[in-house]
Amino acid sequence: MDVEKLINRAVVNTEPMFSAYLHSRGNAAGVPVSATFELTARCNFNCKMCYVHLQDSALCKSQEKSAQWWIDLGKKAIEQGVVFLLITGGEPLLREDFPEIYTELSKLGFIISINTNGYLITDKIVELFKKNPPTRLNISLYGASNKTYENVTGVPAFSRVVENVKNLKKMGIDIRFNGSFTSLNAEDSEAILNISRELNTHVKGTQYMFPQVLVGGKPGENPCRLSPEEAARKRVEWLKLIYTPEEFEKRLKAMVDGVDAFRLSCDEECGEGKVRCRAGKSSAWINYRGEMCFCGVAGHPFSIDEYGFDGAWKKVKEFSASIRTPAKCENCKYRNICCVCAAACYTETGNFSTVPEYVCRMTENIAQLMKNEVERLGIGNGN
Ligand SMILES: C[S@@+](CC[C@H](N)C(=O)[O-])C[C@H]1O[C@@H](n2cnc3c(N)ncnc32)[C@H](O)[C@@H]1O
Ligand code: SF4
Ligand code: SF4
């Protein structure tokens with residue numbers, strides 16, 4: 001194995017620890033340790049729950065930034081301290097100039113991950129990744145059959161995506177699956193997990209889907225997402241699938257003792273009522289129009305052409321620090337098992353300080369289902 005591959009493997013293995021350390025330093029110092037470049041909002045799929053690709057494709061294309069713009073932005077991002085770069089979309093591989101953007105950004109020394117639906121892995125992309133592998137590819141798996149894929153994405157793409165994954169894995173590329181569950185594919189959860197096990201690839205299952213944010217920033221519907229009750233049921237079922245019965249019981253016991261043993265919440269160090277994740281503290285999101293936001297779904301953009309990278313980052317930081325999340329969440333007994341975040345508040349209710357009812361209902365149901373499990377296994381009192 002050549003040195004570059006060895007180094008890449010070492011980075012993959014140590015990345016979570018390294019990332020947690022740098023982000024905590026970044027949070028304290030207000031340095032953007034990670035950035036997301038959303039190269040496009042266009043997509044070759046048409047997923048019914050997607051919050052990104054709702055706009056008119058031609059209009060999106062006309063608003064996109066050029067390859068050179070993203071490469072120049074990469075240089076500014078490195079100067080400001082960005083180490084981890086996530087390239088996403090829409091579907092980033094849909095851009096014809098993706099190879100140029102990727103190649104130039106890689107030369108700058110970022111640790112690069114790419115979010116993709118895994119369909120457009122052409123020979124050209126295979127060659128590109130052979131020469132210069134990303135640290136990680138996050139591939140969304142939308143079903144366990146062509147039929148489910150067609151229901152969710154409009155394209156019967158299952159066989160092709162799996163084939164692509166197998167080829168990429170043969171090349172030694174680190175792949176993680178994302179499973180986003182809605183009423184259209186939740187029945188495939190177990191089959192998706194089995195496929196991920198067969199392919200020896202970790203899968204992260206998400207049962208909470210944000211509402212779609214329509215043009216104009218208004219909170220929208222998301223007609224195909226699960227009801228809060230169903231999302232809770234699927235969440236607990238998922239936890240029982242991904243852990244062995246012994247591990248599930250061990251984690252349940254730890255949860256009864258007050259430990260966030262299922263990592264259901266994602267708190268960072270923060271003050272009361274403030275944004276709990278890294279958004280606008282050590283991470284920045286740059287959308288396809290070239291605007292910096294504190295997070296991908298909750299909007300509030302600042303134009304980089306107007307403020308520059310560092311100026312936009314200052315604005316994003318100030319904005320993130322000014323957000324006050326619901327007081328009720330601070331003292332809530334379910335806080336440790338609730339996935340509430342500033343973005344969920346905003347997209348569900350139109351403002352950051354109102355409790356999102358959907359999330360509350362989902363969490364209360366998770367709590368009840370966990371309590372049932374505690375009683376079934378005779379552990380603690382289940383409160
Ligand atoms: C927007 S896609 C962009 C990258 C690529 N096209 C893909 O599908 O992975 C990134 C991730 O967001 C998820 N996603 C889409 N709509 C969502 C929503 N309303 N709430 C939560 N996640 C969503 C997708 O399933 C995917 O895993
Ligand atoms: S593949 Fe990704 S960007 Fe495309 S529609 Fe689906 S979720 Fe949205
Ligand atoms: S359950 Fe409701 S009140 Fe409690 S933390 Fe979650 S969103 Fe906030």
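Numbering starts at 1 and runs along the sequence shown. Counting starts at 1 for both ligands and their atoms, in listed order.
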Exercise. From the options Lys234, Lys240, Arg235, select the one residue that forms a side chain to side chain donor-acceptor pair (under 3.5 Å) with Glu237.
Key: Lys234
Tell me the protein heavy atom at minimum distance from [atom], and give that distance in Å.
atom: atom 7 (S) of ligand 3; answer: Cys360 SG, 3.6 Å
atom: atom 8 (Fe) of ligand 2; answer: Cys50 SG, 2.4 Å
atom: atom 1 (C) of ligand 1; answer: Val52 CG2, 3.5 Å
atom: atom 2 (Fe) of ligand 2; answer: Tyr142 OH, 3.7 Å
atom: atom 11 (C) of ligand 1; answer: Ser140 OG, 4.5 Å
atom: atom 20 (N) of ligand 1; answer: Phe210 N, 2.9 Å

Quiz item: Hey, is Thr116 touching ligand 1 through its side chain, its backbone, both or neither, going by heavy atoms under 4.0 Å?
Solution: backbone
N or O contact, [X] vs ligand 1, cut-off under 3.5 Å:
X: Met209; value: no
X: Met49; value: yes
X: Tyr208; value: no
X: Glu91; value: yes
X: Gly89; value: no
X: Asn138; value: no
X: Asn115; value: no

Quiz item: Would Ser106 and Thr103 count as a side-chain hydrogen bond (donor to acceptor under 3.5 Å, both in side chains) if you check the C-alpha gap in whole Å, the side-chain angles of each, and the deciding distance to 0.1 Å?
Solution: CA-CA 5 Å; Ser106 311; Thr103 304; 6.0 Å; no
Quiz item: Is any NZ, NE, NH1 or NH2 atom of the basic residue among Arg233 and Glu230 found under 4.0 Å from an Asp or Glu carboxylate oxygen of the other?
Solution: yes
Can you check which of [options] brings a heavy atom nearest to [atom]?
atom: atom 4 (C) of ligand 1; options: Gly90, Gly118, Gly179; value: Gly90
atom: atom 6 (Fe) of ligand 2; options: Cys47, Cys43, Gly90; value: Cys47
atom: atom 18 (C) of ligand 1; options: Phe181, Tyr119, Tyr142, Tyr51; value: Tyr51

Quiz item: Does the ring centre of Phe45 sit less than 6.0 Å away from the ring centre of Tyr119?
Solution: yes
Practice problem: Would you please indicate if the ring centroids of Phe37 and Trp285 are separated by under 6.0 Å? | Solution: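 Phe37 vs Trp285: aromatic centres not under 6.0 Å.
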Exercise. Decide yes or no for Tyr102 and Leu128: does some side-chain heavy atom of the first lie under 4.5 Å from some side-chain heavy atom of the second?
Key: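 SC-SC contact between Tyr102 and Leu128 confirmed.
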Quiz item: Is there side-chain contact between Lys124 and Phe129, with heavy atoms separated by less than 4.5 Å?
Solution: no
Per-atom contacts, ligand 1 versus [X] - under 4.0 Å to a heavy atom:
X: Asn222; result: 19 (N)
X: Thr88; result: 3 (C), 4 (C)
X: Asn117; result: 5 (C), 7 (C)
X: Ser180; result: 13 (C), 24 (C), 25 (O), 27 (O)
X: Asn178; result: 27 (O)

Quiz item: Is the CD atom of Gln63 crowded by more than 12 outside heavy atoms at less than 6.0 Å?
Solution: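 Yes, the 6.0 Å shell around CD holds more than 12 heavy atoms from other groups.
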Quiz item: Take atom CG in Asp257; do more than 12 heavy atoms of anything else shown fall under 6.0 Å from it?
Solution: yes
Quiz item: Leu86 and side-chain contact (heavy atoms from CB on, under 4.5 Å): which partner among Ile112, Ile111, Asn138?
Solution: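 Passing option: Asn138.
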Quiz prompt | Result of checking Val340, Thr354, Val355 against Cys345 for side-chain contact (heavy atoms from CB on, under 4.5 Å) | solution =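 Considering Val340, Thr354, Val355, a side-chain contact (heavy atoms from CB on, under 4.5 Å) with Cys345 is found only for Val340.
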Quiz item: How far apart are the closest heavy atoms of Trp313 and Gly30, and which atoms are they?
Solution: NE1-O, 2.9 Å
Exercise. May I ask you to list the atoms of ligand 3 that are less than 4.0 angstrom from any heavy atom of Cys329?
Key: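 Near Cys329, the atoms of ligand 3 are 3 (S), 5 (S), 7 (S), 8 (Fe).
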Self-check item: Arg335: numbered ligand 3 atoms lying under 4.0 Å from its heavy atoms
Solution: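 Result: 5 (S).
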Exercise. Could you grab the distance from atom NZ of Lys61 to atom OG1 of Thr40, nearest 0.5 Å is fine?
Key: 9.0 Å
Quiz item: Side chain, backbone, both or neither: which part of Asn117 comes within less than 4.0 Å of ligand 2 when only heavy atoms are counted?
Solution: side chain
Self-check item: Row check, Tyr358 ring normal vs Arg225 NZ/CZ: under 6.0 Å, within 45°
Solution: yes
Practice problem: If the plane angle is over 60° it's perpendicular, under 30° parallel, otherwise tilted; pick one for His23 and Phe84. | Solution: parallel
Quiz item: From Cys332, does some N, O or S atom reach closer than 2.8 Å to atom 4 (Fe) of ligand 3?
Solution: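 Given the 2.8 Å cut-off, Cys332 counts as a ligand of atom 4 (Fe) of ligand 3.
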